[in-house]
Amino acid sequence: MTPPAQDDLIWTGSYTADGGGRADGIGALAAHAEGSLEWLETAVKADSPSFLAVHPALPVVYAVAEQRGMVRAFRRTGDFGLEPLGGPQPAGDATCHVAVDPRCRFLTAACWGRRAGPALRTG
(Lines give C-alpha, C1' and ligand atoms only; values in the text may rest on other atoms or scores of the structure.)
Protein backbone atom coordinates (compact mmCIF):
# COMPACT_ATOMS: atom_id res chain seq x y z
CA MET A 1 0.00 0.00 0.00
CA THR A 2 1.35 3.41 -1.00
CA PRO A 3 0.42 6.24 1.37
CA PRO A 4 -2.20 8.48 -0.25
CA ALA A 5 -1.36 12.02 -1.32
CA GLN A 6 -3.03 14.79 0.69
CA ASP A 7 -5.69 15.31 -2.01
CA ASP A 8 -6.35 11.56 -2.30
CA LEU A 9 -7.15 11.01 1.37
CA ILE A 10 -10.69 10.79 2.69
CA TRP A 11 -11.64 10.66 6.34
CA THR A 12 -15.05 9.25 7.17
CA GLY A 13 -17.20 9.57 10.25
CA SER A 14 -19.00 6.68 11.90
CA TYR A 15 -21.19 5.54 14.74
CA THR A 16 -19.52 3.59 17.54
CA ALA A 17 -21.26 1.52 20.22
CA ASP A 18 -22.52 4.63 22.07
CA GLY A 19 -24.50 5.58 18.92
CA GLY A 20 -25.71 2.08 18.06
CA GLY A 21 -22.91 1.41 15.54
CA ARG A 22 -20.00 -1.00 15.22
CA ALA A 23 -17.14 1.29 14.13
CA ASP A 24 -14.12 2.38 16.19
CA GLY A 25 -13.83 6.05 15.20
CA ILE A 26 -12.71 8.13 12.23
CA GLY A 27 -11.81 5.99 9.23
CA ALA A 28 -9.17 6.72 6.58
CA LEU A 29 -9.62 5.83 2.91
CA ALA A 30 -7.44 6.31 -0.16
CA ALA A 31 -9.19 7.57 -3.32
CA HIS A 32 -7.57 6.08 -6.43
CA ALA A 33 -7.40 7.78 -9.84
CA GLU A 34 -9.73 5.23 -11.47
CA GLY A 35 -12.41 6.03 -8.88
CA SER A 36 -12.08 3.18 -6.41
CA LEU A 37 -11.71 3.63 -2.66
CA GLU A 38 -9.37 1.63 -0.44
CA TRP A 39 -9.95 1.25 3.31
CA LEU A 40 -6.67 2.10 5.08
CA GLU A 41 -7.63 1.75 8.74
CA THR A 42 -9.13 3.62 11.65
CA ALA A 43 -7.28 6.97 11.77
CA VAL A 44 -8.19 7.55 15.43
CA LYS A 45 -10.55 5.96 17.94
CA ALA A 46 -13.33 8.36 18.91
CA ASP A 47 -16.90 8.16 20.20
CA SER A 48 -19.38 8.31 17.28
CA PRO A 49 -17.64 10.94 15.13
CA SER A 50 -20.74 11.09 12.93
CA PHE A 51 -19.86 14.24 10.95
CA LEU A 52 -16.45 15.69 10.05
CA ALA A 53 -15.02 18.96 8.76
CA VAL A 54 -11.45 19.52 7.57
CA HIS A 55 -9.78 22.83 8.44
CA PRO A 56 -9.01 24.70 5.18
CA ALA A 57 -5.47 25.73 6.17
CA LEU A 58 -4.27 23.51 9.03
CA PRO A 59 -3.79 19.72 9.26
CA VAL A 60 -6.83 19.49 11.57
CA VAL A 61 -10.08 17.52 11.34
CA TYR A 62 -13.08 18.39 13.51
CA ALA A 63 -15.62 15.75 14.50
CA VAL A 64 -18.96 15.93 16.26
CA ALA A 65 -19.77 13.38 18.93
CA GLU A 66 -23.52 13.38 18.47
CA GLN A 67 -24.36 11.25 21.52
CA ARG A 68 -22.14 13.35 23.80
CA GLY A 69 -23.07 16.83 22.51
CA MET A 70 -19.51 17.91 21.78
CA VAL A 71 -16.98 18.70 19.07
CA ARG A 72 -13.40 17.42 19.07
CA ALA A 73 -10.36 18.49 17.10
CA PHE A 74 -7.82 16.00 15.76
CA ARG A 75 -4.35 16.76 14.39
CA ARG A 76 -2.98 14.82 11.45
CA THR A 77 -0.12 12.42 12.20
CA GLY A 78 1.84 10.28 9.76
CA ASP A 79 0.39 9.36 6.40
CA PHE A 80 -3.28 9.32 7.44
CA GLY A 81 -3.49 9.04 11.23
CA LEU A 82 -5.12 11.52 13.58
CA GLU A 83 -4.57 12.30 17.27
CA PRO A 84 -6.67 14.38 19.68
CA LEU A 85 -5.86 18.09 19.71
CA GLY A 86 -7.03 19.53 23.01
CA GLY A 87 -10.11 18.38 24.86
CA PRO A 88 -13.70 18.04 23.70
CA GLN A 89 -15.75 21.23 23.51
CA PRO A 90 -19.45 21.34 24.45
CA ALA A 91 -21.58 22.07 21.39
CA GLY A 92 -25.19 21.34 22.36
CA ASP A 93 -27.72 18.53 22.49
CA ALA A 94 -27.41 15.98 19.67
CA THR A 95 -24.65 17.82 17.80
CA CYS A 96 -25.03 16.62 14.22
CA HIS A 97 -23.05 18.87 11.85
CA VAL A 98 -19.83 20.88 11.93
CA ALA A 99 -18.33 23.38 9.48
CA VAL A 100 -15.23 25.58 9.47
CA ASP A 101 -15.43 29.17 8.28
CA PRO A 102 -13.54 29.38 4.93
CA ARG A 103 -11.53 32.31 6.35
CA CYS A 104 -10.51 30.08 9.29
CA ARG A 105 -11.98 32.32 11.99
CA PHE A 106 -14.50 30.00 13.66
CA LEU A 107 -16.22 26.65 13.68
CA THR A 108 -19.99 26.21 13.66
CA ALA A 109 -21.89 23.20 14.99
CA ALA A 110 -25.57 22.46 14.41
CA CYS A 111 -27.67 20.47 16.86
CA TRP A 112 -30.90 18.47 16.77
CA GLY A 113 -31.42 19.15 20.46
CA ARG A 114 -32.77 22.14 22.33
CA ARG A 115 -29.57 23.45 23.90
CA ALA A 116 -26.85 25.03 21.74
CA GLY A 117 -23.28 25.40 22.91
CA PRO A 118 -20.89 28.38 22.71
CA ALA A 119 -19.14 29.50 19.51
CA LEU A 120 -15.79 27.78 19.03
CA ARG A 121 -12.63 29.49 17.76
CA THR A 122 -10.42 27.60 15.29
CA GLY A 123 -7.11 29.37 15.68
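Predicted model only: the values in this text are computed from it and were never measured.
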Side chain to side chain contact (heavy atoms under 4.5 Å, CB included) evaluation trace for Thr95 with Cys111: CA-CA 4 Å; Thr95 308; Cys111 306; 3.8 Å; yes

Closest non-hydrogen atom pair between Arg72 and Gly86, with its separation: NH2-O, 3.5 Å

Distance (rounded to the nearest 0.5 Å) between Leu85 CG and Leu58 CG: 9.0 Å

Nearest-0.5 Å distance, CD of residue Glu41 to CG of residue Leu29: 11.0 Å

Close side-chain approach of Leu37 to Ile10, heavy-atom, < 4.5 Å: yes

Separation between OG1 of Thr12 and CD1 of Ile26, rounded to the nearest 0.5 Å: 9.5 Å

Full working for side chain to side chain contact (heavy atoms under 4.5 Å, CB included) between Asp101 and Leu107: CA-CA 6 Å; Asp101 167 45; Leu107 176 118; over 6 Å; no

Polar side-chain atom of Trp11 near backbone of Phe80 as donor-acceptor pair, under 3.5 Å: yes

Worked verdict on His55 versus Tyr62 for side chain to side chain contact (heavy atoms under 4.5 Å, CB included): CA-CA 7 Å; His55 192 285; Tyr62 298 95; 3.6 Å; yes

Which atom of Ala46 lies closest to which atom of Thr16, heavy atoms considered: O-CG2, 3.2 Å

Working for side chain to side chain contact (heavy atoms under 4.5 Å, CB included), residues Val60 and Phe74: CA-CA 6 Å; Val60 176; Phe74 297 91; over 6 Å; no

Cluster overlap Leu40 with Val44, hydrophobic side-chain contacts below 4.5 Å: yes

Minimum heavy-atom distance Gly25-Ser14, with the two atoms named: O-OG, 2.6 Å

Pairing residues for Ser50 by the side-chain hydrogen bond (donor to acceptor under 3.5 Å, both in side chains) criterion, not counting sequence neighbours: Glu66

Inter-residue atom distance Glu83.CD - Thr77.OG1, 0.5 Å rounding: 5.5 Å

Considering all heavy atoms, the nearest Asp18-Ser48 contact: OD1-OG, 2.6 Å

4.5 Å side-chain heavy-atom contact, Pro56 and Pro102: no

Residues which pass side-chain hydrogen bond (donor to acceptor under 3.5 Å, both in side chains) with Asp24, listed by chain and number, not counting sequence neighbours: none

Side-chain (His32) to main-chain (Glu34) donor-acceptor, under 3.5 angstrom: no

Minimum heavy-atom distance Leu82-Arg76, with the two atoms named: CD2-CA, 3.8 Å

Closest non-hydrogen atom pair between Pro88 and Met70, with its separation: CB-SD, 3.0 Å

hydrophobic_cluster_shared for Tyr15 and Val64, side chain cutoff 4.5 Å: no

